[in-house]
Amino acid sequence: MADWTSYYRNEDEEEEQEDGEQSAGEERLTGRDSLVFLVDASKEMFIKGEDGAPSNFDMTMQVVRTVYTSKIISSHRDLIALVFYGTEHSKNPNDTFKHVYVYHDLDEPGAKRVQDVDALRGEKGAKLAAETLGCGPSSLGDALWCCANLYSDIKLRLSHKRLMIFTCREQPHGGDNVKDRQARTKASDLKETGVVIDLIHLMKPGGFDVSLFFRDIVSPPEDESELGLQLEPCEKLDDLQKRVRAKEQKKRATARINLCLGDGLNVAVGLYATAVTARKPPPVKLYRESNEAVRSKTRTFHTQTGSLLLPSEIKKAQTYGKKQIEMEKDEVDFIKKFDDPGLVLMGFKPMEKLKLHHHIKPSVFLYPEEGEIKGSACLFSALLKKCSEKNVYALCRCIARRNNPPRFVALVPQNEEVDDAKVQINPPGFNVIYLPYADDVRTLDLPRCTSASQEQVDKMKDIVTKLRFKYNDAFENPVIQKHYRNLEALALDMMAPEEVEDLIMPKVEQIDRRLGSLVDEFKNLVYPANYNPESKPAAKRKTADSGGGAEKKPKVEVSMDQIKVHVQNGTLGKLTVPVLKEACKQFGVRTTGTKKQELIDALMDQLSS
Amino acid sequence: MAKSALILCMDVGFNMSNSGPGEESPFDQAKRVIQKFVQRQVFAETKDELALVLFGTDSTKNPLDNDDQYQNITVHRNLMVPDFKLLEEIENQIHPESQQADCIFDIALNVCVLVENTTIHKLDRRNIVLLTDLNSPVSSDNLDVIIENLKQADITLQFLPGQKRPRTEGRPGHGEAHHQLCMFKRIERRPMAWPCQLTIGSALSIRIVGYKAVTEEKLKKSWKTVDAQTNQKDDVKRETVYCLDDDNETEVQKEDIIQGFRYGSDIVPFSKVDQEQMKYTHDGKCFAVLGFTKQSSVQRHRFMGTQVIKIFPGKDDEHAAVALSALIQALHELQMVAIVRYAYDRRSNPQVGAAFPCIKQDHECLMYVQLPFMEDLRHFTFPSLENNSKFTPSDEQLSAVDSLIDSMMLVEEDEDGKQKDIFKVHDIPNPAFQRLFQCLHHRAVNPGTPLPAMESWLKATLECPEVIRERCQSALGEIKNKFTLTQVEKKKKLKTSAQIFGKDSDEPEAKKAKEDEADEEFNLADIAEGSVTSVGSVDPARDFRTLIRQKTLTFEEVCKQLTHRIEQLLGNKSTDYYMKSITCVEAFREQSVKLGNADLYNSYLQLLKSSIPTQGLESFWELLVQDGVTLISEDEVEGSTVTRNEARQFLVTERIEEAAAHPAEDPGDVDDLVRIVLL
């Protein structure tokens with residue numbers, strides 16, 4: 001996450017970045033995020049589920065792979081490590097620890113590492129694991145100690161440190177008190193250095209009792225809810241993915257500002273970007289000889305003298321009404337500045353006043369910052385509760401960054417929501433919806449519309465119902481996936497990139513099959529027989545009515561002989577387009593054109609020779 | 001392209017100068033309105049033409065001027081696109097004059113009609129706006145005849161603003177014109193039609209046309225960089241050069257650069273050609289239904305992209321209209337949406353979005369909004385607020401918030417049970433544009449004067465409505481009583497450059513001590529590095545010291561070389577380079593003090609400070625501040641114009657200056673304008 005700005009870039013942000021240089025600089029100084037996967041490699045992990053369901057180990061590797069590849073896309077500068085415990089073989093610096101296998105030490109994920117993880121998946125993976133890792137006695141204490149060393153060996157500043165333990169054994173030491181105590185000590189040492197320890201417990205027969213051992217190992221949850229411990233063990237890959245995903249990304253406020261309710265009454269809040277358009281990353285410029293990255297420097301200089309221009313030697317200008325108007329650079333900033341950053345409450349409105357089409361950019365999320373103003377969370381929580389109860393939203397003026405002009409936003413209350421496995425789906429807080437100004441709403445000439453009859457609507461309802469699906473997960477972006485598959489192939493010297501399934505392509509055959517005759521029935525109700533929606537609109541047809549379907553024109557038929565006569569006499573022009581089309585069909589004349597002259601030309605070419 | 005013509009016909013006769021004590025005269029009001037209007041047209045860059053006719057002038061200048069007829073009427077400007085020249089003329093050349101205007105009121109209109117007919121362009125709309133305070137013209141009958149004539153010529157007539165208006169009731173666009181004049185025209189873009197086919201499977205397609213309905217409008221123009229002396233854009237050139245990331249910053253030619261992409265820790269060389277060949281391609285333009293889903297499963301806060309597209313049936317196609325209507329109504333009745341694949345054209349990336357049914361009294365359409373891809377979403381988990389006893393509000397606290405909400409409702413029902421929204425954001429013009437135009441206009445018409453404060457009407461539109469502010473006072477007080485909010489005092493983490501770069505904190509002292517012995521050291525250095533002839537990039541501070549000792553170049557020249565290097569280093573915006581820059585600035589300071597020449601250093605540091613916002617050097621400046629590198633005061637160097645206090649203040653004055661930069665506000669005039677215009 002540390003430098004997502006360089007990866008997720010859109011126009012707005014570029015603009016904001018300019019203005020918010022300071023915060024960007026701050027992020028740079030805070031260091032890298034890091035994540036250690038500590039995975040149990042005991043034989044219990046390799047037991048397959050019923051009906052050949054993947055083993056816990058297999059599922060874990062799948063998740064690890066997903067995290068690797070998603071980090072590569074979203075935050076490649078984060079450091080990740082993969083460590084196994086309970087192995088037969090050992091591999092760690094100086095081989096100090098037995099039965100601990102450092103598969104990947106803390107580093108940026110790359111193509112090679114993705115391949116390494118891939119190798120551990122599936123049937124073959126289990127075999128490879130048995131060969132390279134093997135199963136042996138486990139000591140979580142040693143494993144944690146080893147992980148602590150991984151952290152301390154890193155010379156870079158680490159900002160966020162997280163360790164995830166994947167296991168299906170509630171008592172890794174089988175009740176050995178000495179080993180248990182040692183593990184607890186090591187865990188608390190780690191936590192003291194700022195490492196957050198999570199348990200991702202996997203399904204085992206008889207359930208997973210966290211209280212037996214792991215309660216004292218993991219970090220306490222951020223709130224008092226003990227949410228983390230009540231979680232059911234993960235059984236399905238989906239659940240596992242979700243739970244890991246929820247933990248794996250460090251949330252970081254894009255801005256910390258005050259929400260002013262009026263009269264100096266301030267609540268400290270943080271703004272979080274929960275959805276940012278992911279784009280293909282910009283290319284890196286490389287020196288041809290060495291393939292090393294080059295830096296670019298942009299210089300401003302005087303065209304005539306060639307000397308570099310200092311900021312004081314340039315001005316900014318715009319031309320309006322045939323006049324160029326100049327400003328100093330600081331005047332340009334002065335114009336942009338309306339107020340200091342912050343949210344200012346204007347009032348409240350019923351939710352139905354928030355129009356669906358008042359959308360100009362993705363929303364952000366608002367959550368209290370107890371660390372800035374004590375008491376914020378309580379007032380925020382009261383505001384959230386009441387807004388939600390009364391079904392209102394708060395209208396605020398928002399300046400998110402220095403020298404940004406104001407925008408009005410709707411703060412829409414969102415209550416916390418958790419799924420069956422107690423994983424948070426929606427966090428508690430306000431969604432900040434940006435509202436358009438008068439300039440942003442365009443005036444459209446509304447075309448004259450004809451309404452459909454109930455019969456037609458009902459037929460369409462049948463179609464809609466047939467094609468219902470549950471939209472709860474977003475699709476993968478085929479453009480970005482393809483790009484990374486290509487890079488992956490090049491990075492790993494693969495023969496061809498892995499195929500990307502374009503998930504946002506309509507499944508045409510399936511749709512057709514499902515709809516069956518409904519399509520024709522609907523078309524018969526709304527389209528006249530000779531109507532082709534694929535073609536250019538024909539001149540206004542005077543259909544008698546628009547309600548009860550169209551009358552069917554009798555099929556035009558002209559004998560082949562008649563056509564030949566017309567060709568000879570050059571009087572094809574007398575015939576209508578449908579007749580000409582029919583004639584083309586009869587004579588097997590292939591035309592791409594639909595215009596009358598094109599049809600005539602085609603027929604003439606074919607028949608007059 | 002639709003074009004219209006407008007004639008501003010202004011009364012400048014002596015009746016316009018009458019005003020009560022302390023009141024603005026009708027003349028001044030009218031002039032202001034005209035200025036506002038022309039200004040608005042100029043910044044909207046419309047191609048609409050505009051003319052200015054004055055009546056009640058002492059002199060006469062019009063095409064109908066004939067002995068004693070059509071006297072005291074001046075066509076100040078014929079129909080043409082308004083520009084700043086016109087604005088300057090209005091500012092400087094239009095004054096109240098002494099003629100009686102009421103008797104020529106009607107014939108002035110005739111002049112206007114004539115002027116309307118002078119343009120060679122084909123016009124879609126023709127308007128005359130009359131600005132006068134005349135209660136009732138000499139002969140109303142005559143006026144009625146003229147109005148009838150105008151109607152026949154398809155010219156609309158409006159009266160503005162006049163405290164006592166002639167009979168204009170019922171004229172369209174009347175009140176609207178008043179209100180809209182006070183702001184710059186909102187940006188209008190001609191909606192571009194996007195014809196396509198909505199497809200459901202392979203067999204069913206409906207001809208549609210899409211229009212962008214809502215999108216964040218940007219100004220067409222942006223700031224250009226010009227030379228400060230000549231104001232010429234051509235005198236400034238920007239150039240990007242590439243260099244290796246080594247100490248010498250070895251420059252690399254453009255031809256020697258290839259492109260690559262990051263794949264995690266790997267950088268993969270990937271030529272443009274390969275990229276083109278391997279990239280994702282698709283069939284182009286499309287609006288294909290993937291399936292239908294419940295409206296409730298598409299969450300409002302998941303909307304992506306920057307626009308809403310309205311989908312209508314294909315133009316002049318009744319069958320498409322019926323088919324689309326069936327879909328819209330079906331979705332509406334089932335409370336569902338279509339999830340579609342949308343691609344604008346072959347070159348643009350496809351997206352997934354939701355098409356909502358929208359049924360209004362006068363039209364039906366689908367509204368398309370983009371939805372997120374998996375890669376776009378961040379799944380952040382936040383601590384629960386409900387399960388935390390520390391954060392759980394008491395019933396008393398909840399009821400205080402409850403009454404605050406009640407007292408601040410912006411939508412109210414009036415006696416007839418009709419809802420009234422007193423704060424419609426989509427009626428507010430973008431204040432950024434309004435403010436920019438105000439300042440540009442000010443600079444163009446009053447060059448050399450500081451920029452004005454924000455207009456008070458604009459400020460007012462951005463504030464909480466007065467009625468609400470008054471009404472919520474007691475509820476707000478209650479909240480203050482019931483909730484404790486305390487600012488958390490934070491020890492601001494001081495990050496000195498030393499800390500960031502891991503130097504021992506006592507190192508600077510050690511270094512200073514070393515520098516005291518510098519003389520000997522440099523003597524040795526001279527032998528070893530006798531070849532230092534300019535301030536290089538490897539160790540610019542050392543080169544700088546060496547060169548000053550060598551005295552082969554003037555102090556000025558060496559300083560210039562050093563500052564040049566500093567600029568280069570700062571251009572990189574990276575902490576490593578900031579560090580290097582700081583040692584340079586320190587060396588600059590130290591040598592300046594030594595030589596007793598503070599001017600060059602002081603002016604450079606001031607320049608540097610002024611460029612912080614433009615160059616984004618805030619974090620660098622912070623380091624300088626932490627390290628206490630400030631101006632050289634008179635205590636240190638005799639002849640420095642900086643006092644010790646000033647030197648100390650220099651590093652901390654930013655905030656105060658910012659406040660002082662705001663010109664004093666003078667809302668009086670502008671308030672007047674709003675009053676008149678909103679009359």
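Given the structure is predicted, the values throughout are model-derived calculations rather than measurements. What you see below is based on every heavy atom in this structure, not just the backbone, and it leaves out hydrogens, waters and symmetry mates. In what follows, chains are A, B, ... by sequence order, proteins preceding strands, each numbered from 1.
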Will you find, in the side chains of A:Thr450 and B:Glu318, an N or O donor that is under 3.5 Å from an N or O acceptor? no
Does A:His359 use its side chain to pair, donor to acceptor, with the backbone of B:Met304 at less than 3.5 Å? yes
For chain A, which candidate among B:Val401, B:Asp256, B:Ile339, B:Val42 shows the most heavy-atom pairs at distances under 4.5 Å? B:Asp256
Just by distance, with hydrogens left out, do B:Asp317 and A:Tyr531 show a side-chain donor and acceptor under 3.5 Å apart? yes
Minimum-distance pair of heavy atoms, taken over all atoms of B:Ala326 and A:Gln456: CB-O, 3.8 Å
Heavy-atom contact with chain A under 4.5 Å, split by part of B:Glu45: side chain
Contact between A:Ile335 and B:Leu451 at the side-chain level, heavy atoms closer than 4.5 Å - yes or no? yes
So which part of A:Ile504 gets closer than 4.5 Å to some heavy atom of chain B, the side chain, the backbone, both or neither? both
Can you say whether B:Asp234 sits under 4.5 Å from chain A via the side chain, the backbone, both, or neither, judging by heavy atoms? backbone
Flag this pair as yes if the NZ/CZ of B:Lys221 is under 6.0 angstrom from the six-membered ring centre of A:Tyr320 and inside a 45 degree cone about the axis; otherwise no. yes
For A:Asp512 and B:Ser202, does a side-chain donor sit closer than 3.5 Å to a side-chain acceptor? yes
Contact part of A:Gln318 toward chain B, heavy-atom cut-off under 4.5 Å: side chain, backbone, both or neither? both
Is it true that A:Tyr272 and B:Phe382 have ring centroids separated by less than 6.0 Å? yes
Between A:Lys323 and B:Asp83, is there a side-chain N and carboxylate O pair less than 4.0 Å apart? no
Below 4.5 Å, heavy-atom pairs only: which of B:Val241, B:Asp266, B:Val268 has the largest tally toward chain A? B:Val241
Salt bridge check: are A:Glu331 and B:Arg443 linked by an N-O gap of less than 4.0 Å? yes
Taking all non-hydrogen atoms of both residues, which atom of A:Ala273 and which atom of B:Arg378 are closest, and how far apart? O-NH1, 3.3 Å
Over 60° means perpendicular and under 30° means parallel, so tell me whether A:Tyr484 and B:Tyr263 are parallel, tilted or perpendicular. tilted
When the 4.5 angstrom heavy-atom criterion is applied to B:Met336 and chain A, the contacting part is side chain
Go through it in stages, so that I can follow the logic: the residues are A:Lys385 and B:Glu386, the test is salt bridge (Lys or Arg N to Asp or Glu O under 4.0 Å), and I'd like the CA-CA distance, side-chain angles, deciding distance and then a yes or no. CA-CA 9 Å; A:Lys385 202 165 173 186; B:Glu386 293 222 335; 5.1 Å; no
Could you pull out the closest heavy-atom pair between A:Met346 and B:Leu410, with the gap in Å? O-CD2, 3.8 Å
Which one of B:Pro82, B:Ala444, B:Ala288, B:Gly314 has the most heavy-atom pairs closer than 4.5 Å to chain A? B:Ala444
Keeping A:Arg397 on the side-chain end and B:Leu462 on the backbone end, is there a donor-acceptor pair under 3.5 Å? yes
On the 0 to 90° scale, with breaks at 30° and 60°, tag the A:Tyr527-B:His319 ring pair as parallel, tilted or perpendicular. perpendicular
Tell me, with the steps shown, if A:Leu446 and B:Phe312 meet side chain to side chain contact (heavy atoms under 4.5 Å, CB included). CA-CA 8 Å; A:Leu446 299 174; B:Phe312 296 102; 3.8 Å; yes
Can you tell me if A:Asn477 and B:Glu375 form a side-chain donor-acceptor pair at under 3.5 Å? no
Run B:Ile200 and A:Leu467 through side chain to side chain contact (heavy atoms under 4.5 Å, CB included) and show every step you take. CA-CA 9 Å; B:Ile200 303 175; A:Leu467 298 179; 3.5 Å; yes
B:Leu290 and A:Phe475, any side-chain heavy atoms less than 4.5 Å apart: yes
Can you tell which part of B:Lys212 gets under 4.5 Å to a heavy atom of chain A, answering side chain, backbone, both or neither? both
Top residue by heavy-atom pair count (under 4.5 Å) with chain A, among B:Val214, B:Ile468, B:Ile405? B:Ile405
Proximal component of B:Leu440, with respect to chain A [non-hydrogen, under 4.5 Å]: both
Taking the side chain from A:Lys349 and the backbone from B:Phe423, do they hold a donor-acceptor pair closer than 3.5 Å? yes
Hey, does B:His301 have a side-chain heavy atom less than 4.5 Å from the side chain of A:Pro362? no
Proximity breakdown for A:Gln324 and chain B, heavy-atom pairs closer than 4.5 Å: side chain
Any ion pair linking B:Glu333 and A:Lys461 (charged N to carboxylate O, less than 4.0 Å)? yes
Going by an N to O cut-off under 4.0 Å, is there a salt bridge joining B:Asp402 and A:Lys390? yes
With a 4.5 angstrom heavy-atom cut-off, could you sort out which part of B:Met367 is near chain A: side chain, backbone, both or neither? side chain
Take B:Tyr280 and A:Ile480, measure what side chain to side chain contact (heavy atoms under 4.5 Å, CB included) needs, and give me the verdict at the end. CA-CA 8 Å; B:Tyr280 176 86; A:Ile480 291 186; over 6 Å; no
A:His357-B:Phe356 aromatic ring centre distance below 6.0 Å: no
Less than 4.5 Å to any heavy atom of chain A: does that hold for the side chain of B:Val369, its backbone, both, or neither? side chain
Using the rule given for side chain to side chain contact (heavy atoms under 4.5 Å, CB included), can you reason through B:Ile479 versus A:Leu265, listing the C-alpha separation, both sets of side-chain angles and the distance that settles it, and then say yes or no? CA-CA 9 Å; B:Ile479 291 201; A:Leu265 187 64; 3.5 Å; yes
Does any heavy atom of chain B fall under 4.5 Å from the side chain of A:Leu309, the backbone, both, or neither of them? side chain
4.5 Å side-chain heavy-atom contact, B:Leu204 and A:Lys523: yes
Which of the residues B:Leu404, B:Leu331, B:Thr484, B:Leu327 is involved in the greatest number of heavy-atom pairs with chain A at under 4.5 angstrom? B:Leu327
Any side-chain heavy atom of B:Val226 sitting closer than 4.5 Å to one from A:Glu326? yes
Quick one: what part of B:Leu436 sits under 4.5 Å from any heavy atom of chain A, side chain, backbone, both or neither? both
Could you check whether B:Glu567 pairs with A:Arg299 (Lys NZ or Arg NE/NH1/NH2 to Asp/Glu carboxylate O, under 4.0 Å)? no
Best-contacting candidate, B:Val298, B:Thr392, B:Ile267, B:Thr199, against chain A by heavy atom pairs under 4.5 angstrom: B:Ile267
Have A:Lys316 and B:Thr225 got a donor and an acceptor in their side chains that come within less than 3.5 Å? yes
Residue pair A:Ser451 / B:Glu364, side-chain donor-acceptor N/O under 3.5 Å: yes
Is a donor on one side and an acceptor on the other found under 3.5 Å between the side chain of B:Asp376 and the backbone of A:Ala275? no
So, the side chain of B:Asn430 versus the backbone of A:Asp439: is there a donor-acceptor pair under 3.5 Å, distance only? no
Could you tell me if the side chain of B:Glu216 sits less than 4.5 Å from the side chain of A:Pro436, heavy atoms only? no
Just checking B:Tyr242 against A:Tyr287, ring centres under 6.0 Å apart? no
Other residues, nucleotides and ligands only: do more than 12 of their heavy atoms fall within 6.0 Å of NZ on A:Lys353? yes
Do you know the tightest heavy-atom contact between A:Pro533 and B:Arg207? O-CG, 2.8 Å
